[in-house]
Amino acid sequence: MISFQEQEKIFHLQGNTYSYILCVKDGMLMHMYWGKKLPSADIGCLFALHGEGASFDSAFSRAPMEVFTQEKGYYGQRAINLVNPAGDDLLSLRYKGHRIFAGKKALTGLPSSYIEDETEAETLEIDLRDAFTGVVVTLSYTVFRDFDVLARSMVILNKGDAPLTLTDAQTAVHLPRAEYEIIHLKGAWARERHMQRIPMTQGNFSIKSRRGASGHENNPFIALVSPSTTEFSGDVFAMTHVYSGSFSASVEVGIDSAPTMMMGLCSDVFSWKLEPGCSFQAPEALLTYAPDGLNGLSHRMHPFIRKRICRGVWRDRPRPVLINNWEATYFDFTADKLFDIAKRGADIGCELFVMDDGWFGKRNTDNCSLGDWVVNEEKLPGGLKALADRITSLGIMMGLWVEPEMFSPDSDLYRAHPDWCLHVEGRERTQARQQLILDLSRKEVQDYIIGSISAVLRSASISYVKWDMNRNMMEGFSAALPAERKMETQHRYMLGLYRVLSEITSAFPEVLFESCSGGGGRFDCGILCYMPQTWTSDDTDASERVRIQYGTSLIYPASSMGAHVSAVPNHQTGRTTPFHTRCNVAMGGNFGFELDLNKLSPEDLACAKQAVDTVKKLRAVMQQGEYSRLIDPAKQNGRSAWQYTHQNQVVVCIYQDYNVPNMSIWYVKLTGLEESAVYEDREHGIRTTGAALMNIGLPCGLAHQDHESWVYCFEKL
Ligand code: GLA
């Protein structure tokens, strides 16, 4: 998988469908190729064509350095920026040595992709050194046997004798010179991860989060695609960050139209003092090349995230159908009210009841008590144990909402430790949702969270936790850090959070953790390393959710997306959609309810029960199957379709936003079927070949209302 040609000093990293090639030339590590798999790395003779400079520009302004730094007239974006005590930031990294070994190392302090045994991956580590500062950069590349994803990371070690300041640490890559379009996932609260596609032009395009979380606005993912790329064909080059904090991702096209792409920490809110002898571990980035379109990208990323990012006992278990009381009651509940909701859920086959916000301290509205993780016995007499015992007696599991990274100014915790919040002395502590952020860069704060949340989880039979985080950083600085280290706060916060999550999830391995941040404000591969599912969005309106889930699916598998049926008119949009469509859309992820089933009409309740039965029958297909997008809701007038294929089963979900009078039938063409095999959907009386389903398609369009939807289930005979 990884070979080194001693004579030409060429490294060839080979996945099943991609090649990534580097070489050492005049002591410099140069990028030669990333793209379709090559049989050998015998391309040194072609490489001479690269790197020629002319007139105003030095050879370095075009040199495809593997790590972009400021030296000898390289004017492009920089992967590493290190300011040395002389005040300049020049860095001339030269090859010192390398190692190729079986397996993959874990990253110190940060989440990363992993392996289960050493034979399934190979890693290349390359050391580069700057003679002037003594800095050694170790680049790490892991090629997986079973997954077409290249994992990259780097460690920056100060082997000199003076402190340095690191202001940029990015994973960077050159792309073949060509025309491209940029794809990224943009959004906002309740409108997360809509696919955006724009032309790439000369200049620099970047997306960022400075919020202290990956955020609703931009997801830590970026791709360059050939302009002709569709869901089914065309070149895709993508990068995804295994990190949950502020980030930046950028594409730059310089003088000779060869683009560079980078993903890493956001330098606007980051710098790091690197003392002699100390090292800095940069987060991992995942590089994915797909020659077969956007579905090709998803087909590589979904199994990788399911199996080599997500971990723990819930990784492969069918995810429980849940019922959550948030939109049913908000803060206004009693133990009996919750029990009634859970009971009706259990009656129709739900497997987990989740008690959302409002069970602790004196929290009857969102202005108090975060941080005081003690049950409110006025609301829940007998405490968590009494309620959990009642719920579990229904034969279902009990789950709980927490928001451990926050505290309310009106809380015992804040009164005892006002300095525990992120803040700057003398400045206002700006509140959002009437809460402040705990300073997770401090060990004592981390320990408080680990202790208090563990005590809650030990106090009753709790099988599930919804770990929420409902505001972003404003005065995002630690009072415990000296002035010259204040800019380290955001990254230190993330290291602290990862320590907390690692301790708690390993102490409670049987608990299913779902992350949340005002819906999908922290949906990334970093958080998925600890919690295998994320609440996709606070927006549960079926029409909006089609777009949100469609965009999210570009990178993230269905098993990582929480998707619930809620009441109408929808609480976020005021829109009314048919009950069966709300169910069909929620089947696109980990299915659940976010309403009081006791308030449903008998028809809707029957539909809810049928949906639960269908989910249980089909969840292996939907949670583990290969997912393909068929029709993009943004392109075809609100029509949309996706397909899951797993072993002999094929499930197709189709949505049509608005009914159009006097419409002709339209067809949804399936994908990836066996041409000559016969597929049957008994319920709809369809029995035909894979070739017919892929070339003619399923006839649709006879809707009698807006927001119509259909689900087809085929068996390969
Ligand atoms: C956030 C979550 C919601 C709910 C509330 C509770 O907004 O996204 O699902 O849990 O917090 O306060």
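Relative ring orientation between Phe579 and Phe593 is described as parallel, the plane-to-plane angle staying below 30° on a 0-90° scale split at 30° and 60°. Between Phe205 and His184, the two ring planes are tilted [angle within 30° to 60°]. Taking the six-membered ring where the residue is Trp, His684 and Tyr712 present tilted rings, their angle falling between 30° and 60°.
Note: Arg522 CZ to Ser214 OG = 7.5 Å, rounded to the nearest 0.5 Å. We find the CE-OG distance between Met531 and Ser560 to be 13.0 Å, quoted to the nearest 0.5 Å. To the nearest 0.5 Å, atom CG of residue Asp541 and atom OG1 of residue Thr576 are 9.0 Å apart. In this structure, CD1 in Ile222 is found 7.0 Å from OG in Ser250, a value given to the nearest 0.5 Å. Tyr18 OH to Leu150 CG: the interatomic distance, rounded to the nearest 0.5 Å, is 4.5 Å. A distance of 10.5 Å separates CD1 of Ile2 from CD of Gln14, quoted to the nearest 0.5 Å.
Residues passing the salt bridge (Lys or Arg N to Asp or Glu O under 4.0 Å) test with Lys609 are Asp613, sequence neighbours excluded. Legend: residues meeting salt bridge (Lys or Arg N to Asp or Glu O under 4.0 Å) with Arg545, ordered by chain and number and at least two apart, are absent.
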Inset, instruction - Could you walk me through whether Leu322 and Tyr464 pass the side chain to side chain contact (heavy atoms under 4.5 Å, CB included) test, one step at a time? - result: CA-CA 10 Å; Leu322 69 81; Tyr464 163 105; 4.1 Å; yes
Inset, instruction - For salt bridge (charged side-chain N to carboxylate O under 4.0 Å, His left out), just list the numbers for Asp292 and Arg300, CA-CA rounded to whole Å, side-chain angles, deciding distance to a tenth of an Å, and then say yes or no. - result: CA-CA 11 Å; Asp292 43 4; Arg300 286 166 177 79; 3.0 Å; yes
Inset, instruction - Start with the C-alpha distance between Lys617 and Glu715, add both sets of side-chain angles, then the distance that settles salt bridge (charged side-chain N to carboxylate O under 4.0 Å, His left out), and finish with yes or no. - result: CA-CA 13 Å; Lys617 205 167 71 191; Glu715 191 83 31; over 6 Å; no
Inset, instruction - Step by step, work out the side chain to side chain contact (heavy atoms under 4.5 Å, CB included) result for Leu352 and Ile323. - result: CA-CA 6 Å; Leu352 164 68; Ile323 177 153; over 6 Å; no
Legend entry - side chain to side chain contact (heavy atoms under 4.5 Å, CB included) assessment of Gln643 paired with Val650: CA-CA 7 Å; Gln643 172 189 331; Val650 179; 3.8 Å; yes
Inset, instruction - Check step by step if salt bridge (charged side-chain N to carboxylate O under 4.0 Å, His left out) holds for Lys716 and Glu674. - result: CA-CA 9 Å; Lys716 187 169 83 179; Glu674 237 177 85; 2.7 Å; yes
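No side-chain donor-acceptor contact under 3.5 Å links Asp604 to the backbone of Leu600. A side-chain donor-acceptor contact under 3.5 Å links Arg582 to the backbone of Ser566. Put simply, the side chain of Thr229 never gets that close to the backbone of Gly293: no donor and acceptor are under 3.5 Å apart. Checked by atom type and distance alone, the side chain of Thr288 never pairs as donor or acceptor with a backbone atom of Leu297 at under 3.5 Å. Of the possible donor and acceptor atoms, one in the side chain of Glu120 sits under 3.5 Å from a partner among the backbone N and O of Glu116. Under the 3.5 Å distance criterion, the side-chain polar atoms of Asp539 are left unmatched by any main-chain donor or acceptor of Arg191. Not one N or O on the side chain of Arg311 forms a donor-acceptor pair closer than 3.5 Å with the backbone of Tyr530. A side-chain donor-acceptor contact under 3.5 Å links Thr573 to the backbone of Arg575. Side-chain N or O atoms of Asn16 include one that pairs as donor or acceptor with a backbone N or O of Arg145 at under 3.5 Å. A donor-acceptor pair under 3.5 Å is absent between the side-chain atoms of Lys104 and the main chain of Tyr141, judged by distance alone.
Residues Gln624 and Tyr644 fail the side-chain proximity criterion, which asks for heavy atoms closer than 4.5 Å. Inter-residue side-chain proximity for Ile100 and Thr123 is flagged as unmet; no heavy-atom pair is nearer than 4.5 Å. Inter-residue side-chain proximity for Phe591 and Val565 is flagged as met; some heavy-atom pair is nearer than 4.5 Å. You'll find the side chain of Ser537 stays beyond 4.5 Å of the side chain of Trp189, heavy atoms only. Counting heavy atoms from C-beta outward, Phe232 and Leu630 have side chains that approach closer than 4.5 Å. In this structure, the side chains of Leu185 and His194 stay at 4.5 Å or more apart for every pair of heavy atoms. Residues Tyr679 and Leu717 are not in side-chain contact: their nearest non-hydrogen atoms beyond the backbone lie 4.5 Å or more apart. Contact of the Gln623 side chain with the Asn590 side chain is registered, since non-hydrogen atoms from C-beta on lie closer than 4.5 Å.
A salt bridge is absent between Arg152 and Glu284; no separation between the charged side-chain nitrogens and carboxylate oxygens falls under 4.0 Å. Using a cut-off of 4.0 Å between Lys/Arg side-chain N and Asp/Glu carboxylate O, Arg547 and Asp657 are scored as salt-bridged. The pair Lys669-Glu231 does not meet the salt-bridge criterion, since no charged nitrogen lies less than 4.0 angstrom from a carboxylate oxygen.
Side-chain polar atoms of Asp42 and Ser40 form no donor-acceptor pair below 3.5 angstrom. Remark: the Thr577 side chain and the Asn570 side chain contain no N/O donor-acceptor pair separated by less than 3.5 Å. Counted by atom type alone, His580 and Glu708 present one or more donor-acceptor pairs between their side chains at under 3.5 Å. Side chains of Arg629 and Ser298: a donor-acceptor N/O pair is present below 3.5 angstrom, by distance only. Glu544 and Gln549 share no side-chain donor-acceptor pair at under 3.5 Å. For the residue pair Arg193 / Thr536, no side-chain donor-acceptor distance below 3.5 Å is found, with atom types taken as modelled. Side-chain polar atoms of Asp235 and Tyr289 form a donor-acceptor pair below 3.5 angstrom. A side-chain donor from one of Ser628 and His299 sits under 3.5 Å from a side-chain acceptor of the other. Thr534 and Ser515 form a side-chain donor-acceptor contact under 3.5 Å, judged by distance and modelled atom types alone.
Across Val253 and Gln202, no two heavy atoms sit closer than the pair O-CG, 3.3 Å. Between Trp34 and Leu287, the closest heavy-atom pair is CZ2-CB, 3.8 Å.
By the 6.0 Å and 45° rule, Arg319 does not stack over the aromatic ring of Trp314. For the pair Arg308 and Phe147, the cation does not sit on the ring face, since its NZ or CZ is not both under 6.0 Å from the ring centre and inside 45° of the axis.
Taking the centre of each ring, Tyr627 and His302 come in below the 6.0 Å mark.
A ring-ring contact (aromatic ring centres under 6.0 Å, His included) with Tyr556 is found for one member of Phe523, Phe304, Phe221 and no other, namely Phe523.
Atom NZ of Lys37 is surrounded by more than 12 heavy atoms from other residues, nucleotides or ligands within 6.0 Å. Heavy-atom contacts from other residues, nucleotides or ligands closer than 6.0 Å to CD of Gln705 number more than 12. Taking a 6.0 Å sphere around CD of Gln5, one finds it holds more than 12 heavy atoms contributed by other residues, nucleotides or ligands.
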